[in-house]
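Inspection log for the structure reproduced underneath, given as structure tokens.
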Protein chains: 2
Amino acid sequence: MTTRRGRPPKDSDTGLSRDRILREALALVDEEGLDAVSMRKLARRLGVDPMSLYNHVDGKEALLDGIAEVLLAAIPATTPGPDLRTTMSALAHGFRGAVLGHPRAAPLVLTRRLASLTALEPVEAVLGPLLAAGYPPERAVHGLRAVLAFLIGTLMREVSAAPTFSHGSRERLEELEASGLPAVAAAAPYLAVCDHETEFEFGLRILLDALAP
Amino acid sequence: MTTRRGRPPKDSDTGLSRDRILREALALVDEEGLDAVSMRKLARRLGVDPMSLYNHVDGKEALLDGIAEVLLAAIPATTPGPDLRTTMSALAHGFRGAVLGHPRAAPLVLTRRLASLTALEPVEAVLGPLLAAGYPPERAVHGLRAVLAFLIGTLMREVSAAPTFSHGSRERLEELEASGLPAVAAAAPYLAVCDHETEFEFGLRILLDALAP
DNA sequence: ACCTGAACACCGTTCAAGT
DNA sequence: ACCTGAACACCGTTCAAGT
């Protein structure tokens, strides 16, 4: 909220800026999905020539990276809790919350190799307590990566961009039962349904049991 | 290798078929990457009008789903081993091998919600031993899903479509050390490097310790 | 320093026509 | 049943021109 060098409020209406572009782009993704994003459509929404965007953003790929970074920046800062387990759990939930806040944009975070160092604070917040608890740094990093891999995989599923054997349709259940595969048939009622919340907690618990007992 | 109703060998040269299209598409992805895939370019490679593809494939999205299923079909059949742990480990390695066989196509498998029931045999191969060992089906499914989430997340990273804090560049190391974040700086040498093989084994071991002790 | 618009080389897909 | 090609409504980005 620092005043902006006396420029008139025009700035936030017609004045373009990387920030305004990224915010509008995220809104576009939220409303119409990732596939609907195009430089031209985004420019139309901003009331601007498509080429004007290139003054603030390095092309479409960079635009998508920018959106991903906006999401990452929304991970709430986490102060170390009473023990390792609760801080790690809080961070995992914070990451999940930030990503699920914009489900249609989520694949950008989960899928792109981000070059920048956004999201380094959350890493510090995990690594700090682990090191303080006496974990050797190498093992701490392995642990961090295992949890992160799990988070990325579950979130991809939650956001419905990854394979499940579900979405609870009646037919799905019948297909599974008729598959001719005995174990699949026996577990069909559970395969046909997927409660993301409990799947998330289940996997996270297992990992934290192993890492922060 | 069943003979094809006496049609001349022409079939595999100019004759189009879903199979030939998918094989050529996978080759195209392997050579030029996912972004290079277009119906028109694929048709050019097949020496055919772009519109001819639509006689065998339902559009571009369906084409990409088809490629993903080709990859999934390459998961080697796994016969149950001596114990739970080795069969589950074998399956995880089989999945990883199939995906890493076509790294540039991998995101298709890891990222798309597949409608079809390909890859149901691997599920049977995991669930069977779990149920036989007395696991309640609900818990078996949770376990399966936790492992799958981890696999998807790690593979996404291996295939370089997901965030890391590495690829072992000298500068990366220095950036991390200069980040001002003490734990990040302390663990910098390990953060700057990522051996996919050992990360994979580490995470898998933890999960299997919890699921098949 | 920023914005514009024409132009280029592409896309996926519909549709009517051919064999 | 399968293949074709013109046509439509889009793309991302370069480049020269404006202010």
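Order of the sequence lines fixes the chain letters, A, B, ..., with proteins taken first and strands second; residue numbering starts at 1 for each chain.
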Just the rounded figure in Å: distance from [atom2] of [N] to [atom1] of [X].
X        : N       : atom1 : atom2 : answer
Leu16(A) : dC3(C)  : CG    : P     : 5 Å
Leu53(A) : dC11(D) : CG    : P     : 13 Å
Leu34(A) : dC11(D) : CG    : P     : 15 Å
Asp49(A) : dT4(C)  : CG    : C1'   : 5 Å
Leu42(B) : dC10(C) : CG    : C1'   : 16 Å
Leu46(B) : dC3(D)  : CG    : P     : 11 Å
Asn55(B) : dT19(C) : CG    : P     : 17 Å

Does the [X] side chain pair with the main chain of [Y], one donor and one acceptor, at a distance under 3.5 Å?
X         : Y         : answer
Glu177(A) : Ala185(A) : no
Lys41(B)  : Leu28(B)  : no
Arg104(B) : Glu31(B)  : yes
Thr78(B)  : Pro76(B)  : yes
Ser52(B)  : Val48(B)  : no
Arg172(A) : Ala188(A) : no
Arg145(A) : Leu191(B) : yes

Original post:
Reckon Ser52(B) has a side-chain N or O less than 4.0 Å from the OP1 or OP2 of dC2(D)?
Top reply: no
Subject >> Phosphate contact (dA1(D) OP1 or OP2) by His56(B) side-chain N/O below 4.0 Å >> reply: no
Original post:
Between His93(B) and Glu201(B), does any side-chain donor sit less than 3.5 Å from a side-chain acceptor?
Top reply: yes
Original post:
For Arg44(A), which contact category applies under a 4.0 Å heavy-atom criterion: base, sugar-phosphate, or nothing?
Top reply: sugar-phosphate
Atom pairs, N/O to N/O, protein against nucleotides 12-14 of chain C, distance under 3.5 Å?
{"from": "dG12(C)", "atom 1": "OP1", "to": "Met39(B)", "atom 2": "N", "distance (Å)": "3.1"}
{"from": "dG12(C)", "atom 1": "OP1", "to": "Lys60(B)", "atom 2": "NZ", "distance (Å)": "3.4"}
{"from": "dG12(C)", "atom 1": "OP2", "to": "Met39(B)", "atom 2": "N", "distance (Å)": "3.0"}
{"from": "dG12(C)", "atom 1": "OP2", "to": "Arg40(B)", "atom 2": "N", "distance (Å)": "3.4"}
{"from": "dG12(C)", "atom 1": "N7", "to": "Arg40(B)", "atom 2": "NH1", "distance (Å)": "2.4"}
{"from": "dG12(C)", "atom 1": "O6", "to": "Arg40(B)", "atom 2": "NH1", "distance (Å)": "2.8"}
{"from": "dT13(C)", "atom 1": "OP2", "to": "Tyr54(B)", "atom 2": "OH", "distance (Å)": "2.6"}
{"from": "dT13(C)", "atom 1": "OP2", "to": "Lys60(B)", "atom 2": "N", "distance (Å)": "3.0"}
{"from": "dT13(C)", "atom 1": "O5'", "to": "Tyr54(B)", "atom 2": "OH", "distance (Å)": "3.4"}

Original post:
Around atom CG of Asp30(A), are there more than 12 heavy atoms of other residues, nucleotides or ligands at under 6.0 Å?
Top reply: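 Count over threshold, so yes.
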**OP:** Can you tell me which stems DNA chain C forms, taking runs of 3 or more consecutive Watson-Crick or G-U pairs with both distances under 3.5 Å?
**Re:** C:4-8 with D:12-16, C:12-16 with D:4-8
Subject >> Gap in Å between the two C1' atoms, one belonging to dC10(D) and one to dC8(C), rounded >> reply: 15 Å
